[in-house]
Amino acid sequence: MAARIVEVEAYLGRRDPASHAYRGLTPRTAPMFGPPGRSYVYFVYGMYHCLNVVTERDGVAGAVLLRGAEPLAGFDDISPRALAGPGKLARAFGLTTQHTDLDLVRSILSIRDAPVVPPSRVVRSARIGLSEHATTNKPWRLYVRGSSGVSRP
DNA sequence: CGAATGATCCGA
DNA sequence: CGGATCATTCGA
């Protein structure tokens with residue numbers, strides 16, 4: 001299965017109140033503090049999984065949440081919006097917490113290079129789904145304008 | 001140990 | 001806007 005990533009959000013560490021890493025390293029968030037290029041998958045609301053890409057160097061927390069994608073191959077008769085949203089994206093790929101802390105270059109779960117998206121097609125906005133206490137108003141959500149894989153255009 | 005709380009989604 | 005539904009985390 002393959003899909004094109006069209007929506008992401010950045011989460012930092014101790015400086016970002018919306019980040020799972022805000023209150024320091026815990027067993028669940030350990031991958032966020034590990035080396036970059038690996039996965040961080042967590043379980044929320046008792047029914048959804050979300051996939052992140054760890055981005056900062058070993059010892060520094062930081063990750064990018066994959067919030068939306070367009071199905072490319074291997075999805076049999078799937079709706080175009082079936083990967084629009086972090087929970088839906090993870091479900092479409094059958095991801096669970098078993099898939100946390102995987103090498104995203106060499107494991108079964110990998111991210112490949114893709115054609116550059118022209119800056120004119122990239123939209124920046126505030127992140128979605130944060131409580132008031134955690135909100136930062138920073139434009140750390142990026143998505144491809146007009147894509148059907150975006151959760152909330 | 002108990003209680004609160006989500007980086008969500010769907011349906012009314 | 002409310003409910004589903006449970007692992008994780010924090011406070012006592």
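The sequence lines fix the lettering, A, B, ..., with proteins before strands; numbering per chain opens at 1. Hydrogens, waters and symmetry mates play no part in the numbers below; they use all other heavy atoms, side chains included.
With A:Arg145 contributing its side chain and A:Ser120 its backbone, the two residues share a donor-acceptor pair below 3.5 Å. Remark: the backbone N or O of A:Val41 is not paired with any side-chain donor or acceptor of A:Ser39 at under 3.5 angstrom. A donor-acceptor pair under 3.5 Å is absent between the side-chain atoms of A:Ser125 and the main chain of A:Pro139, judged by distance alone.
The distance from atom OH of A:Tyr40 to atom P of C:dA7 is 15 Å, rounded to the nearest whole Å. As rounded to whole Å, 12 Å separates atom C1' of B:dT8 from atom CG of A:Leu130. If you take OH of A:Tyr11 and C1' of B:dT8, they are 11 Å apart, rounded to a whole angstrom.
In this structure, the salt bridge (charged side-chain N to carboxylate O under 4.0 Å, His left out) partners of A:Glu70, at least two apart in sequence or on a different chain, are A:Arg4.
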Can you list, pair by pair, the side-chain donor-acceptor contacts under 3.5 Å of residues 131-138 of chain A, counting residues two or more places apart and other chains?
from     : atom 1 : to       : atom 2 : distance (Å)
A:Thr136 : OG1    : A:Arg127 : NH1    : 3.0
A:Thr136 : OG1    : A:Lys138 : N      : 3.4

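Screening A:Leu83, A:Val53, A:Val6, A:Asn52 against A:Leu66 for a side chain to side chain contact (heavy atoms under 4.5 Å, CB included) leaves a single residue, A:Val53. Remark: of the listed residues A:Arg67, A:Arg152, A:Arg124, A:Arg67 is the sole one forming a salt bridge (charged side-chain N to carboxylate O under 4.0 Å, His left out) with A:Glu9.
No side-chain donor-acceptor contact under 3.5 Å links A:Thr97 and A:Thr100.
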- prompt: Given the rule that a pair is Watson-Crick or G-U wobble with both distances under 3.5 Å, how would you write DNA chain C in dot-bracket, using | for pairs to a different strand?
  reply: ||||.||||||.
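Grouping the Ile, Leu, Val, Met, Phe, Trp and Tyr side chains by contacts below 4.5 angstrom, directly or via other members, places A:Phe33 apart from A:Val64. Tracing side-chain contacts under 4.5 Å through hydrophobic residues (I, L, V, M, F, W, Y), one reaches A:Tyr11 starting from A:Leu25; they form part of the same cluster.
Listed in residue order, the members of residues 138-153 of chain A having a heavy atom less than 4.0 Å from DNA chain C come to none. Near DNA chain C, meaning a heavy atom under 4.0 Å away, the residues from residues 45-70 of chain A are A:Tyr45, A:Gly46, A:Met47.
C:dT5 and B:dG2 are spaced 22 Å apart, taking the P atom of each and rounding to whole Å. Rounded to a whole angstrom, the distance from the P atom of C:dG3 to that of B:dA4 is 16 Å.
With hydrogens and angles ignored, a donor-acceptor pair under 3.5 angstrom links the side chain of A:Tyr42 to the base of B:dA7.
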N/O contacts under 3.5 Å, protein versus nucleotides 8-12 of chain C?
from  : atom 1 : to      : atom 2 : distance (Å)
C:dT8 : O3'    : A:Arg28 : NE     : 3.4
C:dT9 : OP1    : A:Thr26 : OG1    : 2.2

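Residue-environment remark: CZ (A:Phe43) exceeds the threshold of 12 foreign heavy atoms within 6.0 Å.
Side chains of A:Met1 and A:Phe93 form a contact here, defined as non-hydrogen atoms less than 4.5 Å apart. Proximity of A:Ser151 to A:Arg141: side-chain heavy atoms (C-beta onward) are separated by under 4.5 Å at one or more points.
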